[in-house]
*Asks:* 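Handing you a structure now.
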Amino acid sequence: MAESVELPHRLAILPFRNKVLLPGAIIRIRCTSPSSVKLVEQELWQREEKGLIGILPVRDATETTSVGPTLSPGVGTDSGEGSSKIHLGTSDSHKFDGKNQQEFIHWHTRGVAARALHLSRGVEKPSGRVTYMVVLEGLCRFSVQELSTRGTYYTARIAPADMTKAEMEQVEHDPDFIVLSRQFKATAMELISLLEQKQKTGARTKVLLETVPVHKLADIFVASFEISFEEQLSMLDSVDVKVRISKATELVDRHLQSIRVAEKITQKVEGQLSKTQKEFFLRQQYVKLRQSPSVSLIESSTVVRVSFNGCGILPIYSYLNGIFHAYSLTSIFQMRAIKEELGDNDDDEDDVTALERKMESAGMPPDIWKHAQRELRRLKKMQPQQPGYSSSRVYLELLADLPWQKASEELELDLRAARDRLDSDHYGLVKVKQRIIEYLAVRKLKPEARGPVLCFVGPPGVGKTSLASSIAAALGRKFIRISLGGVKDEADIRGHRRTYIGSMPGRLIDGLKVRVAICNPVMLLDEIDKTGSDVRGDPASALLEVLDPEQNKTFNDHYLNVPFDLSKVVFVATANRVQPIPPALLDRMEVIELPGYTPEEKLRIAMRHLIPRVLDQHGLNAEYLQIPEAMVKLVIQRYTREAGVRNLERNLASLARAAAVRVAEQEHSLPLTKDVHHIGSPLLESRLADGGEVEMEVIPMGVSNHEISSAFRVTSPFVVDEATLEKVLGPPRYDDKETAERVSTPGVSVGLVWTAFGGEVQFVEATAMVGKGDLHLTGQLGDVIKESAQIALTWVRSRAAELKLTSTEGMNLLEGRDVHIHFPAGAVPKDGPSAGVTLVTSLVSLFSQRKVRADTAMTGEMTLRGLVLPVGGIKDKVLAAHRYGIKRVILPERNLKDLVEVPSAVLGNLEVMFLVLFLCMVKVFQYYLLSGWKTCWNTLLKGVALGDSTQSYDMTLTGITLSDFWWGSTCVHLPT
């Protein structure tokens with residue numbers, strides 16, 4: 001311990017950032033910055049043992065909390081522990097080490113004088129920079145009176161801050177000081193005794209308590225604790241020894257309590273470990289006893305009689321395999337004692353026994369029951385702490401919960417009631433509902449028949465999912481929906497193998513266990529066309545076994561690992577498109593197409609189903625909101641162009657929300673005039689006369705709740721009109737003039753295409769420009785449609801003279817010019833062969849400079865010979881043409897059979913033409929589409945009406961003969 005020293009009037013200052021050196025404490029630092037190296041070299045290295053320096057704490061200017069006074073003037077650099085370099089600065093804008101950054105700090109007004117106990121010098125390689133390793137010992141406190149610089153480091157004029165010897169002698173006789181000293185020594189001795197049990201340094205610390213003065217012991221003890229910078233500064237500023245000892249006692253006591261708490265936690269953890277080890281040992285003994293031959297035979301045999309022979313031996317007689325056996329009960333009593341020690345001695349059945357009883361009542365097939373018994377015996381031999389215990393337990397619970405034999409009782413099928421249910425839930429869809437009735441009729445005649453898997457294919461919003469729900473309601477079975485959209489992992493269908501961490505059964509087995517708990521539900525495989533495949537497998541291939549009636553009775557889930565019968569499940573699938581479904585999977589299903597609705601069907605659906613449902617969802621009724629049928633027609637015509645009715649329902653919901661706001665904002669008042677008797681009371685009359693408030697209103701018992709609620713009715717319902725539609729839904733999105741406006745110049749034609757959302761109208765634009773005879777295609781087109789464009793251009797060029805597009809034979813149609821064909825809506829990918837007829841029409845219109853009629857749309861694949869081949873999606877395309885206001889549709893002749901599916905109401909508003917050779921189509925195009933319709937059409941009808949397919953009729957207007965139009969039994973399909 002350092003003796004008291006005489007301090008000089010000025011000391012070199014070494015700043016410590018966020019660190020305090022207390023008197024009596026020892027610290028080791030490494031000096032690397034030029035300023036600190038210079039200070040150590042001049043003040044300590046050269047003066048050897050006589051050197052003294054001052055350690056002054058510093059604080060960042062950004063720190064808001066401060067303890068004690070600080071010095072803001074003055075700048076300098078600091079060296080702290082380690083090799084970090086700290087730059088200091090103040091308002092003098094001094095820069096350090098060539099850097100442009102400034103860092104402002106506050107210097108504390110009190111510091112500690114220190115001397116070097118050990119000093120070593122080193123040189124860093126390869127920079128050659130000199131560094132010093134210094135061990136410093138704090139001596140006494142001082143106060144800074146003036147701070148200045150000396151070269152690169154700082155010096156300060158100081159004054160001693162500790163009490164003088166005379167003042168200390170006077171304080172030592174103070175009773176308060178004596179009490180504080182005794183309290184500090186007692187707490188310190190308790191801490192030392194506690195540490196002595198863990199460390200062997202207690203004897204040396206006790207010597208300090210007996211030899212070192214108390215006011216110095218306080219600094220020494222506190223310096224050894226890990227406390228905050230604020231508490232260190234507070235201890236440094238405690239010049240009064242009584243205050244210093246009081247703070248030190250508090251810190252020592254806090255450290256003592258933290259050690260005790262840590263010791264309690266350690267003892268608790270060690271005790272818990274000992275208890276766990278004991279339980280592990282006892283459970284091991286329990287398993288060994290349970291696996292002993294005597295206990296195993298007792299458990300698997302029939303107990304006949306227990307006999308006490310009076311000799312302390314308790315034999316048990318059992319009957320097994322036709323032989324009587326006698327065994328000792330010692331093992332059973334030992335097992336009971338172990339269970340009592342473990343705290344498991346209860347009269348109730350344990351979990352394993354309960355699981356076993358549950359498995360017995362599950363009705364498993366014999367071979368699966370044997371497999372389950374093997375797993376159960378394996379589980380009984382395992383400890384709950386073993387890694388595989390939990391997975392085996394979950395697996396056995398799955399076997400016990402699966403509906404092996406549990407089925408819902410089917411109601412007696414009433415086809416008339418089923419038909420009424422389908423008609424009430426769905427409008428239209430006559431063919432689809434008829435197929436469902438046929439399916440139900442077969443089920444009624446032969447319930448065990450394995451019917452086909454129905455797959456409803458159609459655009460969104462046409463009622464595919466609700467049809468499956470109606471089938472379940474008609475059969476009286478539970479309904480479960482399995483979404484397959486975006487599924488790319490085969491394990492979602494077949495499950496994961498149990499060897500994987502986190503394995504689980506597939507969606508089908510999990511749905512049967514959790515959601516329906518029966519073996520014969522109606523299961524909807526939704527979005528079956530949206531499955532994908534990657535390195536994890538192909539879910540569509542896994543569905544082959546599920547949907548095959550010959551295979552699904554022994555469906556093997558990888559997690560279950562035993563066959564499960566899915567033949568009793570009625571599977572129904574939905575899809576938007578048939579093309580993505582693999583052929584093998586598609587072959588296992590009966591595809592039923594659900595095309596889009598006509599505007600008339602949408603109107604009936606809206607009035608019967610959508611409007612009541614929307615009103616109910618928004619808390620309204622017909623007294624609040626009324627949507628006339630004419631306004632629903634306007635919504636269908638101007639705001640929706642879709643195959644389904646989802647956007648129609650959204651628009652109706654927007655109208656309902658607007659009405660809800662009106663109803664909610666309207667002020668309601670409850671009229672009290674009806675059947676409310678006059679209340680005569682002097683007290684009431686006096687309060688009314690004095691302007692007092694009446695706290696309640698009395699309603700006689702004769703007023704019913706209905707009459708009270710009727711008082712909150714709006715004065716008039718919210719009736720939707722055309723102005724309301726534009727206010728709520730905005731300007732009309734579609735109008736009948738769109739087609740006419742877009743087909744206003746030559747080179748534009750109207751085609752019909754099929755998408756996953758139903759049929760659509762597709763415009764094709766062609767233009768010519770100066771060039772080298774190249775063909776440019778835009779609109780995000782696929783390879784097939786690009787080839788169709790090339791075929792169309794080639795055919796038009798080969799027939800240019802015949803079509804009178806060039807003046808002379810052999811003239812190049814593209815000489816000196818390029819052709820650019822564009823399909824609008826470039827953000828939407830487009831592909832397919834059905835645009836061939838539309839492309840040829842657009843090119844002929846471009847080269848002849850004659851416009852195509854805006855009320856005519858067409859579809860069909862084109863060959864190089866000019867044959868018009870059939871295409872798919874005719875019903876959807878015709879419905880799309882009807883939605884867009886198209887009056888005439890040109891189709892391939894071989895698609896005539898597909899018009900049977902088109903509603904007669906739609907065909908009654910359309911005129912349909914059929915083509916076999918496109919050359920005839922071009923002549924019609926030249927004289928019918930581009931010229932007068934009536935003259936050409938009427939002349940053509942005369943020939944058709946006569947039924948003469950060989951005689952030629954000269955058409956003076958057109959210059960063509962009837963034989964150009966006659967391709968078989970029918971040339972023109974007339975409107976009915």
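Only this structure's heavy atoms are used, side chains among them; waters, hydrogens and symmetry mates stay out. Sequence positions, counted from 1, serve as the residue numbers for this chain.
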*Asks:* Going by the rule side chain to side chain donor-acceptor pair (under 3.5 Å), which residues pair with Thr794 if we only count those two or more places apart in sequence or in a different chain?
*Replies:*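 So Thr794 forms no side chain to side chain donor-acceptor pair (under 3.5 Å) with any residue.
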*Asks:* Step by step, work out the side-chain contact (heavy atoms from CB on, under 4.5 Å) result for Thr841 and Thr856.
*Replies:* CA-CA 11 Å; Thr841 305; Thr856 303; over 6 Å; no
*Asks:* Does any non-hydrogen side-chain atom of Asp898 lie less than 4.5 Å from one of Leu891?
*Replies:*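 Heavy-atom side-chain distance check fails, nothing below 4.5 Å.
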*Asks:* Residues in salt bridge (charged side-chain N to carboxylate O under 4.0 Å, His left out) with Arg638, at least two apart?
*Replies:*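 With neighbours one apart ignored, the set is Glu722.
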*Asks:* Passes side-chain contact (heavy atoms from CB on, under 4.5 Å), Leu603 versus Tyr427? Steps please.
*Replies:* CA-CA 10 Å; Leu603 179 61; Tyr427 182 83; over 6 Å; no
*Asks:* Which atom pair, heavy atoms only, marks the closest approach of Leu594 to Ile592?
*Replies:*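 Looking at all heavy atoms of both residues, the shortest contact is CD1-O, 3.4 Å.
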*Asks:* Can you list the residues that meet the side-chain contact (heavy atoms from CB on, under 4.5 Å) rule with Ala766, with sequence neighbours excluded?
*Replies:*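 In terms of side-chain contact (heavy atoms from CB on, under 4.5 Å), with neighbours along the sequence ignored, Ala766 is linked to Ile821, Ser842, Leu843, Leu846.
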*Asks:* Would a 4.5 Å heavy-atom cut-off, applied to side chains only, mark Ile581 and Val591 as touching?
*Replies:*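 With C-beta onward as the side chain, the pair stays apart.
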*Asks:* Roughly how far apart are Asp423 CG and Lys433 NZ, rounded to 0.5 Å?
*Replies:*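 The CG atom of Asp423 sits 4.0 Å away from the NZ atom of Lys433.
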*Asks:* Are side-chain heavy atoms of Val840 and Val796 found at a separation under 4.5 Å?
*Replies:*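 Side-chain contact under 4.5 Å: yes.
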*Asks:* If you measure from CD on Glu893 to CG on Leu867, what distance do you get to the nearest 0.5 Å?
*Replies:*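 Reported value, rounded in 0.5 Å steps: 11.5 Å.
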*Asks:* Less than 3.5 Å apart, any donor N or O on the side chain of His820 or Thr767 sitting next to an acceptor on the other?
*Replies:*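 No, Thr767 and His820 have no side-chain donor paired with an acceptor closer than 3.5 Å.
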*Asks:* Does the side chain of Phe571 reach to within under 4.5 Å of the side chain of Leu543, using non-hydrogen atoms?
*Replies:*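 Phe571 does not reach Leu543 side chain to side chain.
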*Asks:* Is the shortest heavy-atom distance from the side chain of Thr838 to the side chain of Val753 under 4.5 Å?
*Replies:*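 SC-SC contact between Thr838 and Val753 ruled out.
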*Asks:* Looking only at non-hydrogen atoms, find the nearest pair between His609 and Ser424 and report the distance.
*Replies:*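 His609 and Ser424 have their closest heavy atoms at CE1-O, 2.6 Å.
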*Asks:* Using every non-hydrogen atom in the two residues, find where Ser845 and Val748 come nearest and quote the distance to one decimal.
*Replies:*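 For Ser845 versus Val748, the nearest heavy atoms are OG-N, 4.4 Å.
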*Asks:* At their closest point, which heavy atom of Gly836 faces which heavy atom of Ala792, and how far apart are they?
*Replies:*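 So the minimum-distance heavy-atom pair works out to O-CB, 4.4 Å.
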*Asks:* Taking atom CG of Asp774 as the centre, does the number of heavy atoms from other residues, nucleotides or ligands within less than 6.0 Å exceed 12?
*Replies:*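 Atom CG in Asp774 is crowded, with more than 12 foreign heavy atoms closer than 6.0 Å.
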*Asks:* Taking Arg883 for the side chain and Val761 for the main chain, is one N or O donor matched with an acceptor at less than 3.5 Å?
*Replies:*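 Not at all, since once roles are kept as given, no pair shorter than 3.5 Å links the two residues.
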*Asks:* Can you tell me how far apart CG (Leu910) and NE2 (His882) are? Round to the nearest 0.5 Å.
*Replies:*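 Answer rounded to 0.5 Å: 6.0 Å.
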*Asks:* In the structure I gave you, are the side-chain heavy atoms of Leu839 and Met862 within less than 4.5 Å of one another anywhere?
*Replies:*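 No, side chains not in contact.
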*Asks:* Donor-acceptor pair, Tyr639 side chain versus Gly730 backbone, under 3.5 Å?
*Replies:*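 The answer is yes, because a donor-acceptor pair under 3.5 Å joins these two groups.
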*Asks:* Taking atom NZ of Lys633 as the centre, does the number of heavy atoms from other residues, nucleotides or ligands within less than 6.0 Å exceed 12?
*Replies:*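 Incorrect, the count does not exceed 12.
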*Asks:* Just jot down the side-chain contact (heavy atoms from CB on, under 4.5 Å) partners of Glu787, sequence neighbours excluded, or say none.
*Replies:*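 Not a single residue meets the side-chain contact (heavy atoms from CB on, under 4.5 Å) criterion with Glu787.
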*Asks:* Under the salt bridge (charged side-chain N to carboxylate O under 4.0 Å, His left out) rule, collect the residues that match up with Arg650, sequence neighbours excluded.
*Replies:*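 Arg650 satisfies salt bridge (charged side-chain N to carboxylate O under 4.0 Å, His left out) with no other residue.
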*Asks:* Listed by chain and number, what are the side-chain contact (heavy atoms from CB on, under 4.5 Å) partners of Asp876, not counting sequence neighbours?
*Replies:*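 Asp876: side-chain contact (heavy atoms from CB on, under 4.5 Å) contacts with Pro595, Trp754.
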*Asks:* Check salt bridge (charged side-chain N to carboxylate O under 4.0 Å, His left out) between Lys530 and all other residues, then give those that pass, not counting sequence neighbours.
*Replies:*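 Lys530 satisfies salt bridge (charged side-chain N to carboxylate O under 4.0 Å, His left out) with Glu527 only.
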*Asks:* Is the side chain of Tyr597 donor-acceptor paired with the backbone N or O of Val462 at a distance under 3.5 Å, no angle test?
*Replies:*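 Side chain of Tyr597 to backbone of Val462, a donor-acceptor pair under 3.5 Å: yes, one is there.
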*Asks:* Once you round to the nearest 0.5 Å, how far does CG of Leu725 lie from OG of Ser654?
*Replies:*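 The distance works out to 11.0 Å.
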*Asks:* With a 4.5 Å heavy-atom cut-off, do Leu648 and Glu642 have their side chains touching?
*Replies:*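 A side-chain contact under 4.5 Å exists here.
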*Asks:* Pro824 and Phe763: which non-hydrogen atoms are nearest, and at how many Å?
*Replies:*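 Closest pair (atom of Pro824, atom of Phe763, distance): CD-O, 3.0 Å.
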*Asks:* Please round to the nearest 0.5 Å and tell me the distance separating atom CE of Met523 and atom CG of Leu547.
*Replies:*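 Nearest 0.5 Å value for the CE-CG distance: 10.5 Å.
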*Asks:* Got a second to check how far Leu634's CG is from Thr640's OG1, nearest 0.5 Å?
*Replies:*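 Here the interatomic distance stands at 11.0 Å.
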*Asks:* Does Asp538 use its side chain to pair, donor to acceptor, with the backbone of Ser533 at less than 3.5 Å?
*Replies:*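 Between the backbone of Ser533 and the side chain of Asp538 there is no qualifying donor-acceptor contact (under 3.5 Å).
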*Asks:* Show, in sequence, the C-alpha distance, side-chain angles and deciding distance for Val614 and Glu649, and conclude whether the side-chain contact (heavy atoms from CB on, under 4.5 Å) test is met.
*Replies:* CA-CA 8 Å; Val614 166; Glu649 184 175 5; 4.0 Å; yes
*Asks:* When you measure from the side chain of Lys830 to the backbone of Gly779, do you find a donor-acceptor pair of N or O atoms at a distance under 3.5 Å?
*Replies:*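 Side chain of Lys830 to backbone of Gly779, a donor-acceptor pair under 3.5 Å: yes, one is there.
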*Asks:* On a heavy-atom basis, which atom in Trp795 and which in Leu864 lie closest, and how many Å separate them?
*Replies:*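 In this case the closest contact between Trp795 and Leu864 is CD1-O, 3.1 Å.
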*Asks:* For the backbone of Val871 and the side chain of Asn895, can you confirm whether one donor and one acceptor N or O come within less than 3.5 Å of each other?
*Replies:*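 Yes, the answer is positive, given that a donor and an acceptor are paired below the 3.5 Å cut-off.
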*Asks:* Which side-chain hydrogen bond (donor to acceptor under 3.5 Å, both in side chains) pairs, counting each pair once, include a residue from residues 452-470, with sequence neighbours left out?
*Replies:*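 Checked against side-chain hydrogen bond (donor to acceptor under 3.5 Å, both in side chains) - neighbours excluded - the pairs reaching residues 452-470 are Asp425-Ser470, His426-Ser466.
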*Asks:* Give a yes or no answer on whether the side chain of Asp529 reaches the backbone of Asn576 with a donor-acceptor pair at less than 3.5 Å.
*Replies:*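 Side chain of Asp529 to backbone of Asn576, a donor-acceptor pair under 3.5 Å: yes, one is there.
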*Asks:* Please enumerate all residues that pass side-chain contact (heavy atoms from CB on, under 4.5 Å) together with Lys488, with sequence neighbours excluded.
*Replies:*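 Residues passing side-chain contact (heavy atoms from CB on, under 4.5 Å) with Lys488: Asp534, Arg536.
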*Asks:* Can you sort out the partners of Arg604 under salt bridge (charged side-chain N to carboxylate O under 4.0 Å, His left out), two or more places apart, ordered by chain and number?
*Replies:*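 Per chain and number, Arg604 pairs via salt bridge (charged side-chain N to carboxylate O under 4.0 Å, His left out) with Glu629.
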*Asks:* Restricting to pairs with a member in residues 751-773, which pass salt bridge (charged side-chain N to carboxylate O under 4.0 Å, His left out), not counting sequence neighbours?
*Replies:*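 Residue pairs with at least one partner in residues 751-773: there are none.
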*Asks:* Using the salt bridge (charged side-chain N to carboxylate O under 4.0 Å, His left out) rule, collect all pairs that involve residues 578-599, keeping only residues at least two apart or in two chains.
*Replies:*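 Non-adjacent pairs meeting salt bridge (charged side-chain N to carboxylate O under 4.0 Å, His left out): Arg435-Glu590, Asp548-Arg588.
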*Asks:* For Thr598, does its backbone N or O pair with a side-chain atom of Glu601 as donor and acceptor, under 3.5 Å?
*Replies:*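 Pair found, side chain donor or acceptor close to backbone of Thr598.
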*Asks:* Would you check if Ile886 and Leu752 make a side-chain contact, meaning some heavy-atom pair closer than 4.5 Å?
*Replies:*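 Counting from C-beta outward, Ile886 and Leu752 never come under 4.5 Å.
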*Asks:* Do other residues, nucleotides or ligands put more than 12 heavy atoms under 6.0 Å from Arg419 CZ?
*Replies:*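 At most 12 heavy atoms, drawn from other residues, nucleotides or ligands, come within 6.0 Å of this atom.
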*Asks:* Show the numbers, then the answer: is there a side-chain contact (heavy atoms from CB on, under 4.5 Å) between Val570 and Tyr439?
*Replies:* CA-CA 11 Å; Val570 177; Tyr439 175 82; 3.1 Å; yes
*Asks:* In terms of side-chain geometry, is the basic nitrogen of Asp526 or Arg481 positioned less than 4.0 Å from the acidic oxygen of its partner?
*Replies:*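 Salt bridge present between Asp526 and Arg481.
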